[in-house]
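This structure is a prediction, so every number in the text was calculated from the model and none was measured. Chain letters run A, B, ... following the sequence lines, proteins first and then strands; every chain starts at 1.
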Amino acid sequence: MLHIKCPYCGLRPQTEFSYGGDATVKRPELNKEVSDQDWDNFVYLRKSPRGKHLELWQHISGCRQWIKVERDTLTHEISTTYKANENI
Amino acid sequence: MKYLQHTKQTKIYKMSENFRLDKGGLINRNKKISFKFNGKKYFGYEGDTLASALLANGVHLVGRSFKYHRPRGFFGAGVDEPYAIVQMNRNNEVDPNVRATEQELFEGLEAKSVNCWPNVNFDIGAINNFLNIFFPAGFYYKTFMWPKSFWYKIYEPIIRKAAGFGAASIKHDKERYEHKYEYCDLLIAGTGPSGLASAYAAAKNGAKVILAEDKSRYGGSLLTSEVTIGNQSGKEWAEQIISELKSMPNVIVKNRSQVFGYYDHNMLVMSERVSDHLPKTDKYTPKQRLWYIRAEQVIISSGSIERPLVFGNNDAPGVMLSSAAKEYLKIYGVLVGKNPIVFTNNDSGYETAIEFKKNGVDPIILDTRKDANSEIIKEAKELNINIKFSYVVVAAKGYKKVNSADIAKISDDKKVISNIENIKCDCICVSGFWTPTIHLASQSGSKTKFNEEIDAFVPSISKQKETTLGSANGVFTLEETLKTSFEKGSELSKQITNKENKISIPTVVEKKSSKHDKFWCVPLPEGKNYKRFLDFQNDVAVSDIQLALREGYRSIEHVKRYTTLGMATDQGKTSNLNGLQLVSEVENKVVPQVGHTTFRPPYTPVSIGAIVGREVGKHSKPTRKSPMHHWHEKNNAVFVDAGVWLRPRYYKRGNENLFEASKREAKNVRQNVGVCDVTTLGKIDIKGPDSAEFLNRVYTNAWLKLPVGKARYGVMLREDGIVMDDGTTTRISDNHYHMTTTTAQAANVLSHLEYYLQLVWPELNVNVVSSTEQWAGAAIAGPKSREVLQKLFPDLNVSNEGLPFMGYMEGNLFGVNAKIFRISFSGELAYEVNVESDNGNYMWEKIIEIGKEFNIQPYGTEALSTLRIEMGHVAGSELDGRTIPYDNSLEGLVSKKKDFIGKRSLSKTAYIAPDRQKIVGVVPIDKKTSIPEGSYLVKDAKAKLPNPKLGHVSASCWSVEYDNPFSLAILKDGKNMIGKKLFAMSPLKNKVIPVEIVSSHYVDPKGERVRS
Ligand SMILES: [Zn+2]
């Protein structure tokens, strides 16, 4: 079971969090023309890297904040966690 | 009949404890304990295990092997035991898969053998032993594959009956199991010398330590070895350290506790057998407890397990590990035999032989080495023990118990055996040197390396924060073990506590050993075909591995699966390494090249009960109840699970069934007025100056112009265009909105909103918070609902003008504040009244009381469904995560002007296809036959399979308006299907029903009632 350091609450067990996928995906801006392909990329296509992965987790049973977690998909090691609005 | 008489006779023949020494051991001889094995009564002492007590009684036959049903005895004395699996009866519960070597004796214990029928003495399955040509490596894959139909009808049922150890109970387990979560600085697994020393050093530095021992007694090898630490014996030293550790507030010491799994981020799981050693579990005490331990650092001091030597019929009862024989002697005062052969390739066997000799039994030592000299060997010689160097056991003789052995001289190159002779014996104690228990380190992800010195793998580079010490790390001298363990315990704890208490390392007196012999497998004599077993639990013999390799299996992982080597419940604790040695020999590779298979948790079997813990029955998930729950109960509500909520499904009157009651309730809503508990609806409080803009982006329809005091129905999508949820949101004040969600989606919707506010549009000044539990809700629905509302709020103007459809106002309900929404799910004139949860029951009783004169009746979820289905209002069965707004006829709510979440997806080709699926109504032609939910709609009921499916029935009801069945369906090209005749097919219910497609708005299609 992972041990995730919520930037607000500290180290907490994985069971307090829910996974939110790739944190590098950026939603296209509202009211802007988006090509079919760009939209499909945004909605469906995700990389599945072997190694470092920046991902979203929500601390649902804690502060309810969405946070960014840099996790190694191979070793499950978590190197850093960031607040949602933190620049990386 | 003969067999029955035989049992009777043995019963009369009373066994006494023939193999117990008069003194010695750590058992309590003042407390005799009686127990039953296979229906027969025996006695042992407090402190015995079932195994030691049976051995004291001379019982060596305890089971039958898995594949060949060969007789099985005891091989070990602890966790590594591959044979002695028994079925326990304890406290009226059945416990299968119990290792007799670990089960402590208690008064009245009852156990029986497994994997044998009709009994352990006469096992019909043993015929497999003589038909073993049918059971070679991979026999499951080969023998039973053809013809295919035979598998289901003949092979599988027979294999199922014959295979497996023990039978699980089919009853509900009444025992209590618990989970516990703990954090510590150091978790130390094992209380042998390395565990004790490191724990002591760490504890002295102020670290929070958890020290776990899987056995009942602490001390590991110190309990059976002849060593001195300081001025104490090893055992005394262990006792002193343990009692000191127990007195320290920063230390948790646990026996009967197996750390069985090493998971991510230094999370380890330990199974504590709290009550298994007692006749019954005390009230409020668990049978077993699972500990989830998050440790800053882990010390693995799990010791090592003796390796078997491999020779003919080496699985016969009476052949056992020499360390186990020594343990039975020194801890339990039990002789495993009175005429023992000790067969060894190292000095450990000598220790066992010396113990025998000291207790008046003459052993013979067969040492595979040509010659060896050490203090221990010298001692054995001085005791006049008969030692034969360059000697091996070729084969054990005796079926249910060893009675002699063929022994032989072996050549220096270990290839030729000669001078075979048969000698009498009643047990063969084998020692093939030691295998470090590296399971936990391997589970952690650590790399392992092959240590040529000891012919075994040891941990090398740690992956997580773990350190392996002592013999688990391949260190077999006590002096070095203590030194490194004190140092490591101190070093690791100092890093955490920044404290250092110097401890002087005690001097150690121990006997030095000479080098072991790498030889481990005795060649077959010419013309002999003895089975030489590697895996004693799964019956994998040397010949099976050889066959697998001949058939082309190369990877050790494949060999393992093909032959089932090491795949039994003992996880190959005694077999893995010998298997590897064999593969490397045949393949002409060195062992590290072959590599070992992956160790996976659990190290020992864990009961399902312990894994489940307290989350059974009604505790398997939380149950949420509305504030009006008690009223519903008193008024004969029959409840249904709605997510984690309990909701009234219907209120039973007299002998009514579900159908009759829900029909009555729904009809009363259509004719008079009903009241429904809607507390469970998700509620989200939304505040902030940008709330309107936010809602405008979240919902598909326009929200910027919603006035204060008005509610609006909204649909929200996922980015892929699929409907996520629907509900009404009301503008309470300028910057304050009250959102409702469906009961099931409440949590997801909140997360969804938080996602966009925190990550996508952080510039929006909006706050959302769940308020589901703050409000109790009642829906008052029906043509007479306004009259009821007026009487509830006499001061308010609730006329159609004063409180129009989708209007909102606040009122005072006999002293409590209330929110009144004119919204309707039933399609009737309806209102929802919310009060603070604490006042929920008060509100409810007032509504019932005032509604009496209007014939108000409470209605449950079944009537609610009926009402919404015949109105064509969509709910969870249509918004099922597969439908877009168009499919649910919600396209009118999709704004063309503004952008919103998921809008871009709605222009996907499939979503705008002219024959896109759409919601429709379905009525059976006969107006009588209800259509099962989930039925397929097809054009031709008799078409060849697979019959093209046009759609599916999502929800069914009995229309109270028309008094006939009515269903909703999602149908391909639904828009153009109205009036068509199709078939509803339910293969599950074996029904084919001719149906007509109609509008989904079966009742009041113009929606006049809600506005009346
Ligand atoms: Zn948090």
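Both the backbone and the side chain of T75(A) come within contact range of chain B, with heavy atoms under 4.5 Å apart. Only the side chain of Y183(B) comes within contact range of chain A, with at least one heavy atom under 4.5 Å from a heavy atom of that chain. For chain B, the nearby part of V43(A) is the side chain; its heavy atoms alone come within less than 4.5 Å. Interface remark: L757(B) contributes no atoms to any contact with chain A (heavy atom separation under 4.5 Å). Contact annotation for R718(B): neither backbone nor side-chain heavy atoms come within less than 4.5 Å of a heavy atom of chain A. Neither the backbone nor the side chain of N85(A) comes within contact range of chain B, judged by heavy atoms closer than 4.5 Å. Contacts of K68(A) with chain B are made by side-chain atoms alone, with heavy-atom separations under 4.5 Å and no backbone atom involved. For chain A, no part of S907(B) is nearby; none of its heavy atoms comes within less than 4.5 Å. If you measure heavy-atom distances from I78(A) to chain B, the contacts under 4.5 Å come from both the backbone and the side chain. Proximity to chain B involves both the backbone and the side chain of L2(A), based on heavy atoms less than 4.5 angstrom apart. Heavy-atom distances place the side chain of W39(A), and not its backbone, under 4.5 Å from chain B.
Comment: K908(B) does not engage D36(A) in a salt bridge, judged by the lack of any side-chain N to carboxylate O separation of less than 4.0 angstrom.
Put simply, OG1 on T15(A) and OH on Y292(B) are 10.0 Å apart, with the number rounded to the nearest 0.5 Å. A distance of 6.5 Å separates CD1 in I901(B) from CZ in R27(A), rounded to the nearest 0.5 Å. The CD atom of E77(A) lies 10.5 Å from the CG atom of D264(B); values are rounded to the nearest 0.5 Å. Residue D899(B) holds its CG atom at 11.0 Å from CD of E29(A), rounded to the nearest 0.5 Å.
A donor-acceptor pair is defined here as one N or O able to donate and one able to accept, closer than 3.5 Å; no such pair exists between the side chain of K903(B) and the backbone of L30(A). With H265(B) contributing its side chain and H76(A) its backbone, the two residues share a donor-acceptor pair below 3.5 Å. A distance-only check finds a donor-acceptor pair linking the side chain of Q758(B) to the backbone of R64(A) [under 3.5 Å].
Counting heavy-atom pairs under 4.5 Å between each of S35(A), S18(A), A23(A) and chain B puts S35(A) at the top. Interface check for chain A: of the options G445(B), A747(B), S751(B), the most heavy-atom pairs under 4.5 Å are formed by S751(B).
Heavy atoms from other residues, nucleotides or ligands lying under 6.0 Å from NZ of K621(B) number more than 12. In this structure, Q37(A) places its CD atom where only 12 or fewer heavy-atom neighbours from other residues, nucleotides or ligands lie under 6.0 Å away. Around atom CG of L45(A), more than 12 heavy atoms belonging to other residues, nucleotides or ligands sit under 6.0 Å away.
The side-chain heavy atoms of R294(B) and P13(A), taken from C-beta on, include a pair separated by under 4.5 Å. M267(B) places none of its side-chain heavy atoms less than 4.5 Å from the side chain of Q14(A).
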Walk me through whether Y755(B) and Q58(A) qualify under side chain to side chain contact (heavy atoms under 4.5 Å, CB included).
CA-CA 9 Å; Y755(B) 175 90; Q58(A) 189 186 14; over 6 Å; no

